[in-house]
Structure formats: C-alpha cells, structure tokens
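Note that the structure is a prediction, hence the values are computed from the model and not measured. Order of the sequence lines sets the chain letters (A, B, ...), proteins ahead of strands, with each chain counted from 1.
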Amino acid sequence: MSEQSTQGAPDGAGDAATFDVKAVEHKWLPVWERLDPFRADDASPKERKYALTMFPYPSGDLHMGHAEVLALHDVIARYWRFRGFEVLNPMGWDSFGLPAENAAIRNDEHPSTYTYANIETQAASMRKYGLAFDWSRRLHTSDPEYYRWTQWLFLKFREQGLAYRKNSPVNWCPQDQTVLANEQVLADGTCERCGAEVTKRELTQWYFRTTAYAQELYDCLDELQDTWIGKVVNAQRNWIGRSEGAHVRFRVAGRDEPVTVYTTRPDTLYGATFMVVAADAPLAAEIVAPERREALAAYVEEIRKASDIDRLATDRTKTGVDLGVTATNPVTGEQVPVWASDYVLADYGTGAIMAVPAHDQRDLDFARVFGLPVRRVVDTGEANPEETYEATTGNGTYVNSGPLDGLTDKAQGISTIIARLEADGTGEGTVNFRLRDWLLSRQRYWGAPIPIIHCPVDGEVPVPEDQLPVELPALRGADLKPKGTSPLGAATDWVEVSCPTCGGPARRDSDTMDTFVDSSWYFLRFLSPHDDTQAFSSELAEAWGPIDLYIGGDEHAVLHLLYARFFTKVLRDMGLLTWQEPFSAYLSQGKVINAGRKMSKSLGNGVDLGKQLDEFGVDAVRLTLVFASPPEDNIDWADMSPAGSLKFLQRAWRLSGDVTSPAGVDVSGGDRVLRSVTHRTVRDAEELVESHRFNVMIARTMELVNATRKAIDSGCGPADPAVREAVEAVAILLSMVTPYVAEEMWERLGHAPSVAQATWPVVDEALLVQDSVVAVVQIQGKVRARLDVSPGISATDLEALALADAAVIAAIDGREVRKVVVREPKLVNVVV
RNA sequence: GCCCCCGUAUCCCAAUCGGCAGAGGAAGCGGUCUUAAAAACCGCGCAGUGUGGGUUCGAGCCCCACCGGGGGCACCA
C-alpha cells in the first residue's frame, strides 16, 4: 500500500483521496512525545485505574503475538483515560532468562549485551506502535536496582518460613542443565522451555512454601470466576487439585509411629486388604523387614532408571515389592501386608495408601499381579470385580462393612467412617492438594543470585540487607557453559566470602532464582520503580491497586498467574499489602496463527510483524488484530485482511475532509437521525469496551462511518453540524485502536493535538429515544405483521392494534384466539 | 478417565432479558468511472444456528443425550 500512497507530503495529508501512512507516523510520534499525555500522577484526586499487560521477555523484536496483546491492552487504557480516570499504565521487561545466556555462550559475550540490545529494539518498536504507556516507569528485572528487591523479598519470605531448602528428587532438564519447577514440566514429561525429556535428580534445593497457601489460592478462585476468563480459573483449580478425604492410621508391627494413609474413600476401609507405600520414600526404607531390605533396594534402583515418560504410561503393568511387614486395619483389626510400589507417589498425600482392590482399578491391577485378596464392600449391582477385574467405583449398598452395612449413600458412608475414626483416634477427615511447593533454585547464571551465605559454623546465613544487591560476577562466554552446577560456583572470588556472623571462611549460594520470582512482584515495583529505599510503597499499592485489568497469554495460566497470586497473599500476611488478589480481572488473548497452524520457523509460515507494519502501517495492523475476533480467540492471519482495514481507515479519514462546519459549532440543531446514530454508537461503544468486546466496538464504529458517509452524500449534507459531531466521535473512538489516523482526523477537524486529550462525547439520552419502533406480530411464533408504534405504547393498546391489523386477521383466519402474549413495545404473539 | 470452553452464511464474526437469525468485515457477483486494469464509489445476503430429543406462546440462547473441535488435570489414592 505504501507505494500507492502519495510521496512528498510531509504534513501527512496526502492527496484528497488517501492519507500517507508513513508520513503520518513520522509526523505524530514527536508530538506525542512532547505532550506525554499518559504519565500517571500519583497525587491525582481522580478515581484510579491500573491497567497492566504481561511484560515481554526481550528475545529479538516484537512479534505478531505482542502486537495483538499490546493493541488490545491499549484500547482499555485509553478508554479509561477518556472516561476521566487517572490511569497507571506501565511497561517494562522480564529480562533475566536463558535465551540471553545461551546467546552469550554462543557469541562469547555477556548476557547483558543480548538482553539490553533487544530491549532497546523492542522499546523502539513499542514507541512506533503508538501505545499509551507511562514510559517514566520503565523497569528491567535484570537491573541490580530491581533484583536487589527480589533478593530482599526472598529474605523476607525466608524469615516467614516460606523459603526453605530440602533434599528431594527434582525435575532436571538435561538440555538446559538446570532443575525445573513442577509447573515448568509439560504433561508429556518434557521441558516447557526447550522440549527435552525431563529426568529426576536427588538434590538439595530452595523452595517457596506455596502449599501453605493452597487452600486460599483455591478458595479465592470463586471470587475470580466472573472476572477472569473461565478456562484459566479451571486450569488453576485442576492444578491446585483440592480433594476431600481422610487420614487413616495403620499400626505397623515393630514400629511405634503408625503409618498414615490418605484416602478419598474412607468408606471402603473394610475392603482394604493391603497397604502400599511409595518405594522411593524414606518411609519404605524405614519399615521394611531386614530380610526384604535388599529386595527393596534393588527395586528402587530399577525404578530410578525408568524415565518419567515410562512412569506416566498408565497401562503399564504394576510392579512392586513386599516389605515383609504387616499393618493393622484400624476398623477390622485385620493384619494386612505392606507393599512398596512406584504407582504410589512419594510427594502426594502421605506417600502411603490403603489398597481397596475391589473399588480402585489401580489397586485391583496390583492385586492381580501379586495375587492379593479382593474383598467387595460396596455392591453397586455390577458384576463382582474379583471376577471381572473391573473395579466398581460408584454408589451402592455397603456390605461386609460392619456399621455401614445396608447404607446406600456414599456421602453418609464417608461421614460415618470418619466419625468412627475420629472417635477411636485412628484418623480424621482432611483436605488434600495436588499443588507442590515451588522449586525456585536454578543452576544458571542470568538470574538473581540467592542472597545466602553457607558457613560451616553458622549454616545458612542471610546476606545482610545493607549488602544487597548481591550482584552477579562478570562472567561471559565459555564461563557460562552449563555443567550441571551453577556457573557462579566457578567464580572463586565471588563465591568465597567471610561469614557475616562469625567472620570465618564461607561460600555464597551459587544458584540463581527462577525468573518467575522476578515477575511475581513487578506490578508492585511499577508503583515506584526508582525508589531505592524499599521494594514498593504500601501506600501507593493501596492507592492504585489491585490491577483492574490484566491481559496476557494462556501459557501463563498456571505459572506466572499462580505465583503472582501466591506473592500477593504472602505480602498481605506480612502487612505490606491489603489486596486479597493481585488481578481483579484477567483477560487472555488468543494466539496469532497462520493458515491453521502455529507460526514456526520449521513450518516456514511465520508472519513478520515489521513487514506487515511496513506494508499496511501501524494503524491498519492494530485495527486488524483488534477487529478480528473476540480477544481470547485465536486469530488466523491468513483469514484476515489488513488491506481491508486500511481501506476502512481511508474511508473514515476522508470524512474528516468533508466536514465544512467550523470547530466548536453548536450541534444541537443538527440532523436528528444522524445525531441519534452517533449517540447510540457512543453509548454502545462504552458498554462494548467495558465488556471487552472490542471487535464489536469497531463494527459499531464502521456503521457510524457508513451512516455519516450517507448523510454527507445523500442526506443532510456536509455542512450540517451533526456531520461534525459524528466525525469527531469517529476520531475519538478510533483513537483507542488507530491513534495515527485519529490524530490526523482530529487535526483536520480543526483541533489541537492530541485526540488522546479530547473529551469523551457526552451521550444525550434524549437522542437515544426513538420516535417509533417496529412491533412484530407473530401467529404461533411466526411473524405475520409489523407495526410502527410509539415506544411508550401500553400492552392493551398494542394488543388491540395487533388484533385489528388486516394481515393478522387474515392469518388468524377465523380460528379461536386462545392466548395473546404481549411484550410491549416490540412483540405480540397470538396463540390460536 | 475427570473438569472446563466452543460449534451461526464460502471465510472471520454479530445477535443485553428466551422475542423479526445478520450488525460489521473478507471473498464473490453486478454496476459507475477508465483506452484497459487497479483503486475508489454504488448495489447484491445465499445459512435457519453440529445432530436428536425436551421445556416454552416462542429456543442460536435454557435442560438432557450424542457428534465434532480446543484446553486443563491424570497411576494424585
């Protein structure tokens, strides 16, 4: 399109038919920078809104996905400003992370070279993209001024007992040579970042105690149900995995402490014919009979070798080993054998289960392999599991179950048994979660160092706060090569320090923090990004927060969004925040795909944002992305028409040259029909933006453009003040999506820049009232007549009018009228 | 296996409370302009809402079952 635009028109006006996309972009950027209309005033007396979109990782330049989320986000930020709010709308970079480190190794340089070069590239692209950010609040998580406070927060969490170290089997990515959090391992057992098959290693690592907040993180999802997109709430529910059940204690011969199992079916306790403990849990080694110790060790060795992929195959034959001890079923008093197997997970529940083979398929499969007894205690009317090898899990009549015999209600069975266990002191009802603690250490360089010093005398010693930040040592290139331990460990001068407590020789913790730690609190740092006295201001958080609308991608449905929620709750309990939740509303944007497939280098179907911008201009690309579909749907670029968007923008722009009435003209006497359309459009736009239906808002704006065109060419004519009113409304509505064209229109309409500072049109309710409306008359639900009636018509008048209509009488055709449903003023339905 | 979401015209998508299935766009077709084409402008709506039941005066919308697509969880006891 650019080759068709008029060259040599530096004012951006072009000829009479089209405006010059490129010239307009060059013309307005410096003006906007001078006016800087989007700076947020902390002292403003206005009501406030905090608009936030997920800050990017600086990998190369912006791509189509960024372009979409930024365009969507800009609509709401600009809208709130128009509606009189003081808007906080900051942007920054999530700039620690692996790609920079890998690039540094490749190019023998420091990760900051890649990182900060990309940040500048992206910042320049965002500038050109015309976004309503307050750039004075820009931050980068890799700046020492930022990660100083990330480290400070880590120390505070540790003081609360919410950051701790433990030895445990952890997820290990052999490609990235670092451990991963549970959330970073995909369902198929591969690394979320690089796709390599994740293995297990036994390591001592730092964790955040997210499980301490599992219940609250789960419960608060109810409050987010209506303002967060449903699938994300659902994903978090599934991830936290709340379940209700009971702890039941089994006495084990020769051991003082009973073994506690977790079960969701305590009502089947009478059918528990054996027990299984996780083979790799310490408990197994503890209770195993001496003569079975070797067998257990061999089994554990065997399962260690199996990959997660193998372990996840659910149709695999069960394996296990008899521990040679028995446990006492607390209700039957029976002695049942105790086995160890890898089908019981060490880190879920108590790492031990009671096996009820008749009513649990996994237990039944195990019982079959090892010839263990099956006892049915719920008769569901289905065939006996002992014969069919199909466990029955439904409701039924309890049998062989002592006090439960004859009961038919599962809930009652469960509560009866729990009451009995509690009375006996052998168990109690409990709630269990699937959520694990958050593994936060990483054996990589480009992250915030963990501010702990390990002293042979004093143990873990926190770095004194006045010594923060613990800055990264200057390593580059080959020094950073992953070797399974942190590259920081090899920086001798950096690692070897004296203990802050005793002064003796000690070593710094050489791991860095997961970059999700950095992004778990950045929305708080935006409140005062240059404050060097505190991480964030509680007063400003109170004034601005929580975030009114957060927009981002589904890939963070359980990662970042869950971690940020956890941080918020911890900070609240520390008295630093009053927020219950960080994000009052959350909207996820779909992906931009191409020709039905995800864009990727290997498919060669990538769409380059820069090329699209060059060809169609910023406005047309933004318009295309916002107009394409509801925000959360995927956009297939192959189905889109940026050329069509540009065509529309030219049409809209042309209107601004046709207006002949002067700026500030009294519009009250203008053409009523057009004025009604304008005011109706503005009112609809308000509702549509507030409900995030931006695509429909644009459709309405297109309608207004069409109506205005018609009014100029074959209606009231260009001089009518209603035309000016309509075109000004178009400019203001469009400025939320296509700021360059809107600014150009605003100037041509005789106004000083910027349109962003224009006053939102005040809707005249009187113009929304229509003189007459069309009422439809249905016979048996089929439309038979249309009547022009007053909007205020009464039900009786409308019914009388309808029944007197000739077409209606003909349609009734003499049949008996049994009922007339009237919904004035729009509808009458006659039942015959 | 369990839990969510979505199926409307050739395509992308609209349709506040259950009330005329079509707002907007793309593509297509016809026309004006043009030597011609493109652009621009004007005009044209073709499906009865995935399928089958049900509720209702009336269902795209509510209920049930199924089919198709997408997502989350999953040896989680």
Side-chain angles (χ1 to χ4, degrees), chain A residues 1 4 17-18 187 229-241 243 245 261-266 268 276 278 311-316 318 341-345 347-356 359-363 365-366 393 432-436 554 557-558 590 623-624 627-630 632-645 647-648 650-651 654 684 687-688 691 693 695-706 709-710 713-714 774-786 818-823 826-832:
Chain A
M1 193 63 209
Q4 285 150 3
T18 58
I229 185 142
K231 60 180 165 181
V232 172
V233 174
N234 183 251
Q236 293 218 359
R237 276 220 176 88
N238 287 336
W239 186 260
I240 297 169
S243 70
V261 304
Y262 173 72
T263 177
T264 55
R265 291 297 303 276
T268 61
V276 187
R311 209 183 56 77
L312 285 166
T314 48
D315 53 355
R316 200 168 53 108
K318 295 273 182 291
S341 173
D342 66 348
Y343 89 89
V344 172
L345 307 178
D347 55 357
Y348 180 79
T350 60
I353 62 152
M354 62 180 214
V356 185
H359 307 297
D360 183 292
Q361 192 62 47
R362 298 157 298 187
D363 297 343
D365 293 343
F366 192 83
T393 56
N432 195 54
F433 296 93
R434 207 198 65 98
L435 184 74
R436 314 295 209 267
D554 291 343
V558 288
L623 178 68
T624 303
F627 180 53
S629 67
E632 63 275 17
D633 288 4
N634 286 346
I635 296 173
D636 192 333
W637 194 251
D639 292 337
M640 295 302 126
S641 173
S645 297
K647 192 169 94 175
F648 162 73
Q650 297 286 11
R651 264 166 64 76
R654 224 171 286 129
D684 285 353
E687 287 166 8
L688 290 165
S691 55
R693 289 181 289 166
N695 55 326
V696 188
M697 185 273 287
I698 291 171
R700 288 277 180 281
T701 307
M702 288 173 169
E703 262 181 277
L704 178 57
V705 168
N706 293 343
R709 182 81 261 155
K710 212 161 237 167
D713 292 346
S714 56
V774 175
V776 303
V777 185
Q778 301 174 332
I779 314 293
Q780 307 290 72
K782 294 244 184 292
V783 178
R784 297 298 185 192
R786 282 157 219 273
R818 285 177 42 210
K819 188 173 177 186
V820 181
V821 181
V822 182
R823 291 283 179 274
K826 287 176 71 179
L827 180 128
V828 177
N829 190 20
V830 181
V831 189
V832 294

Over how many whole Å does the gap from [X] atom [atom1] to [N] atom [atom2] extend?
{"X": "A/Ile635", "N": "B/rA26", "atom1": "CD1", "atom2": "P", "answer": "16 Å"}
{"X": "A/Met702", "N": "B/rG25", "atom1": "CE", "atom2": "P", "answer": "6 Å"}
{"X": "A/Lys318", "N": "B/rA77", "atom1": "NZ", "atom2": "P", "answer": "14 Å"}
{"X": "A/Arg265", "N": "B/rC75", "atom1": "CZ", "atom2": "C1'", "answer": "17 Å"}
{"X": "A/Asp360", "N": "B/rA77", "atom1": "CG", "atom2": "P", "answer": "9 Å"}
{"X": "A/Leu345", "N": "B/rC73", "atom1": "CG", "atom2": "C1'", "answer": "14 Å"}
{"X": "A/Gln778", "N": "B/rG19", "atom1": "CD", "atom2": "C1'", "answer": "6 Å"}
{"X": "A/Phe648", "N": "B/rA23", "atom1": "CZ", "atom2": "C1'", "answer": "14 Å"}

Review item, nucleotides 40-46 of chain B N/O atoms under 3.5 Å of protein N/O:
{"unit_1": "B/rC41", "atom_1": "OP1", "unit_2": "A/Arg654", "atom_2": "NH1", "d": "3.3"}

Notebook entry, point to check: Tell me, for nucleotides 8-18 of chain B in 5' to 3' order, what letter each nucleotide earns: B for a base near a protein heavy atom under 4.0 Å, S for only sugar-phosphate near one, - for neither?
Noted result: ---SSSSSB--
Taking atom [atom1] in both [N] and [M], what distance in whole Å separates the two?
{"N": "B/rA39", "M": "B/rU34", "atom1": "C1'", "answer": "11 Å"}
{"N": "B/rU51", "M": "B/rU10", "atom1": "P", "answer": "14 Å"}
{"N": "B/rG25", "M": "B/rC13", "atom1": "C1'", "answer": "8 Å"}
{"N": "B/rA27", "M": "B/rC67", "atom1": "C1'", "answer": "30 Å"}

Notebook entry, point to check: Under 4.0 angstrom, heavy atoms only, what part of the nucleic acid is A/Val356 near: base, sugar-phosphate, or nothing?
Noted result: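 Answer is nothing: A/Val356 stays at 4.0 Å or more from every strand.
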Notebook entry, point to check: With nearest nucleotides of RNA chain B determined for A/Gly351 and A/Ala699 from heavy-atom distances, which residue corresponds to the more 5′ nucleotide?
Noted result: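 Taking each residue's closest nucleotide, the earlier one in sequence belongs to A/Ala699.
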Margin query: Quick check: on RNA chain B, is the nucleotide nearest A/Gly230 upstream (toward 5') of the one nearest A/Tyr262, or the reverse? Name the residue that is more 5'.
Written below: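 It is A/Gly230 whose nearest nucleotide is closer to the 5' end.
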Check: Between the main-chain N or O of A/Ile240 and the side-chain N or O of A/Arg434, is there a donor-acceptor pair closer than 3.5 Å?
Finding: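 Side chain of A/Arg434 to backbone of A/Ile240: no pair is present.
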Note to self: For A/Val356, is there any backbone N or O sitting under 3.5 Å from a side-chain donor or acceptor partner on A/Asp363?
What the structure shows: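 At least one qualifying donor-acceptor pair exists.
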Should [X] be listed as having a side-chain N or O under 4.0 Å from OP1 or OP2 of [N]?
{"X": "A/Tyr343", "N": "B/rA77", "result": "no"}
{"X": "A/Lys826", "N": "B/rG19", "result": "no"}
{"X": "A/Arg434", "N": "B/rA74", "result": "yes"}
{"X": "A/Ser341", "N": "B/rC75", "result": "no"}
{"X": "A/Asn706", "N": "B/rG25", "result": "yes"}

Notebook entry, point to check: Sequence neighbours excluded, which residues qualify as ring pair (Phe, Tyr, Trp, His ring centres under 6.0 Å) partners of A/Phe648?
Noted result: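 A/Phe648: no ring pair (Phe, Tyr, Trp, His ring centres under 6.0 Å) contacts found.
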Note to self: Under the rule for ring pair (Phe, Tyr, Trp, His ring centres under 6.0 Å), what residues qualify as partners of A/Tyr348, not counting sequence neighbours?
What the structure shows: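 Residues passing ring pair (Phe, Tyr, Trp, His ring centres under 6.0 Å) with A/Tyr348: none at all.
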Next item on the list: Could you tell me which residues satisfy side chain to side chain contact (heavy atoms under 4.5 Å, CB included) with A/Asp347, sequence neighbours excluded, listed by chain and number?
Entry: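 Here the qualifying residues are A/Leu345, A/Arg436.
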Suppose we screen for side-chain hydrogen bond (donor to acceptor under 3.5 Å, both in side chains). Which residues come up paired with [X], at least two apart in sequence or across chains?
{"X": "A/Gln778", "answer": "none"}
{"X": "A/Arg237", "answer": "A/Asp222, A/Gln225"}
{"X": "A/Arg651", "answer": "A/Asn706"}

Next item on the list: For A/Asp360, check salt bridge (Lys or Arg N to Asp or Glu O under 4.0 Å) against everything at least two apart and list the hits.
Entry: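 Salt bridge (Lys or Arg N to Asp or Glu O under 4.0 Å) list for A/Asp360, sorted by chain: A/Arg362.
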Notebook entry, point to check: Which residues satisfy the salt bridge (Lys or Arg N to Asp or Glu O under 4.0 Å) test with A/Asp636, sequence neighbours excluded?
Noted result: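 Counting only residues at least two positions away or on another chain, A/Asp636 forms no salt bridge (Lys or Arg N to Asp or Glu O under 4.0 Å).
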Check: Once Watson-Crick and G-U wobble pairs under 3.5 Å are found, how is RNA chain B written in dot-bracket notation, 5' to 3', with | for any base paired to another strand?
Finding: (((((((..((((.....[..).))).(((((.......))))).....(((((..]....))))))))))))....
Notebook entry, point to check: Is the closest basic N to carboxylate O distance between A/Arg316 and A/Asp342 below 4.0 Å?
Noted result: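 Here A/Arg316 pairs with A/Asp342 in a salt bridge, since their nearest N and O are under 4.0 Å apart.
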Next item on the list: Flag this pair as yes if the NZ/CZ of A/Lys318 is under 6.0 angstrom from the six-membered ring centre of A/Tyr343 and inside a 45 degree cone about the axis; otherwise no.
Entry: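 Relative to the ring axis of A/Tyr343, which defines the angle, A/Lys318 lies inside both limits.
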Sort me out a list of protein N/O and nucleotides 69-72 of chain B N/O pairs below 3.5 Å, or just none if empty.
{"unit_1": "B/rG71", "atom_1": "N2", "unit_2": "A/Asn234", "atom_2": "OD1", "d": "3.1"}
{"unit_1": "B/rG72", "atom_1": "N2", "unit_2": "A/Asn238", "atom_2": "ND2", "d": "3.3"}
{"unit_1": "B/rG72", "atom_1": "N3", "unit_2": "A/Asn238", "atom_2": "ND2", "d": "3.0"}

